[in-house]
Amino acid sequence: MKIVYFVTGNLGKVREAKEMFEKLGIDMQQISYGYPEIQSDNLGEIAKYGAKNAAMYLKKPIIVEDAGMFISALKGFPGPYSAFIFKCIGNEGILKLMRGVKNRNAQFKSVVGYCEPGKEAITFSGSVEGEISEESRGNMGFGYDPIFLHQKKTFAQMSTEEKNKVSHRCMALRKFAEWFCKDI
Ligand code: ITT
């Protein structure tokens, strides 16, 4: 069985990745190591730098994943700063910013970075379209899930399995898994 080491401190990401990798027969182990994240508008660059650094430090082939929510009416905010903005203003803060705004389109993007020690990182990306809801709904998932509507349900109203059928993260992880298993 192939093993993947997922370097992340986010247990929501771990739950989703485990559900998906298990179905594909890949053993996934979490490593909680706070790798450095560069400041950039580009999730791919953040994931590449993080993956290279984590592989070098941990001396293992690893994946990292960088994700963000991009709101059209706010010119892509909070985007690559999603984790920081979530900690500062949370979902209530985003709903306040969006009060009275008609265009509620938003997108989640994910980039998975894979790296082996001493090599260059490779990236795989995924995205999903949705809308910012008028109020918070559901209690599953994590982060912005309660305010991200996808086909009438927020991500927080979906089980991990349901979210994994459509999410940005699952799309990126699946592309990685196909590539990772191609020689088996
Ligand atoms: P690691 O870097 O340790 O993996 P993190 O939470 O800091 O964990 P990111 O830097 O990728 O991860 O931050 C992205 C933030 O965007 C995350 O903390 C959530 O607030 C939000 N986010 C990303 N994907 C999400 C999802 O599927 N559902 C809800 N919120 C999400």
Side-chain angles (χ1 to χ4, degrees), residues 4-20 28-55 57-58 62-71 74 76-95 97 106-115 121 123-133 136-151 153-174 176:
V4 165
Y5 296 97
F6 187 6
V7 183
T8 177
N10 184 321
L11 295 180
K13 291 184 179 183
V14 172
R15 190 172 51 236
E16 291 174 16
K18 258 215 150 39
E19 198 268 348
M20 198 212 78
M28 193 219 84
Q29 306 281 334
Q30 178 199 9
I31 301 181
S32 206
Y33 158 64
Y35 59 88
E37 285 191 24
I38 51 163
Q39 288 255 329
S40 167
D41 289 342
N42 186 317
L43 294 184
E45 277 174 20
I46 302 172
K48 247 187 190 167
Y49 184 87
K52 195 159 183 188
N53 184 283
Y57 179 83
L58 296 165
I62 54 87
I63 54 168
V64 302
E65 190 246 6
D66 203 61
M69 185 175 74
F70 296 73
I71 303 175
L74 303 180
F77 178 87
Y81 312 104
S82 291
F84 177 68
I85 296 302
F86 185 78
K87 275 183 216 129
C88 293
I89 63 170
N91 288 329
E92 288 313 308
I94 297 285
L95 290 178
L97 286 173
Q107 196 183 35
F108 263 128
K109 290 188 199 170
S110 159
V111 180
V112 169
Y114 172 80
C115 195
T123 57
F124 305 85
S125 54
S127 65
V128 60
E129 300 291 332
E131 279 171 47
I132 302 300
S133 59
S136 203
R137 271 199 260 149
N139 51 21
M140 291 183 270
F142 67 96
Y144 299 107
D145 282 345
I147 60 165
F148 188 84
L149 268 176
H150 180 75
Q151 293 168 357
K153 266 186 180 179
T154 67
F155 270 180
Q157 292 175 304
M158 297 183 187
S159 63
T160 303
E161 199 180 0
E162 261 180 297
K163 182 178 167 187
N164 271 354
K165 286 196 177 120
V166 293
S167 85
H168 53 311
R169 175 163 306 102
C170 203
M171 188 190 282
L173 286 173
R174 206 171 287 127
F176 159 73

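Whatever order the structure lists them in is the order used to number ligands and atoms, beginning at 1.
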| field | Lys109, Gln107, His150 screened by side chain to side chain contact (heavy atoms under 4.5 Å, CB included) with Val128, the one that passes | value | His150
| query | With under 30° as parallel and over 60° as perpendicular, where do the rings of Phe108 and Phe155 fit, or are they tilted in between? | reply | parallel
Could you pull out all residues at least two apart from [X] that satisfy side chain to side chain donor-acceptor pair (under 3.5 Å)?
{"X": "Ser110", "value": "Glu65"}
{"X": "Glu37", "value": "none"}
{"X": "Glu19", "value": "Lys23, Asn164"}

| Residue shell around ligand 1, heavy atom under 4.0 angstrom | Thr8, Gly9, Asn10, Lys13, Tyr35, Glu37, Glu65, Asp66, Ala67, Ser82, Ala83, Phe86, Phe108, Phe142, Gly143, Tyr144, Asp145, Lys163, His168, Arg169
| Is NZ or CZ of Lys13 both nearer than 6.0 Å to the six-membered ring centre of Phe142 and within 45° of the ring axis? | no
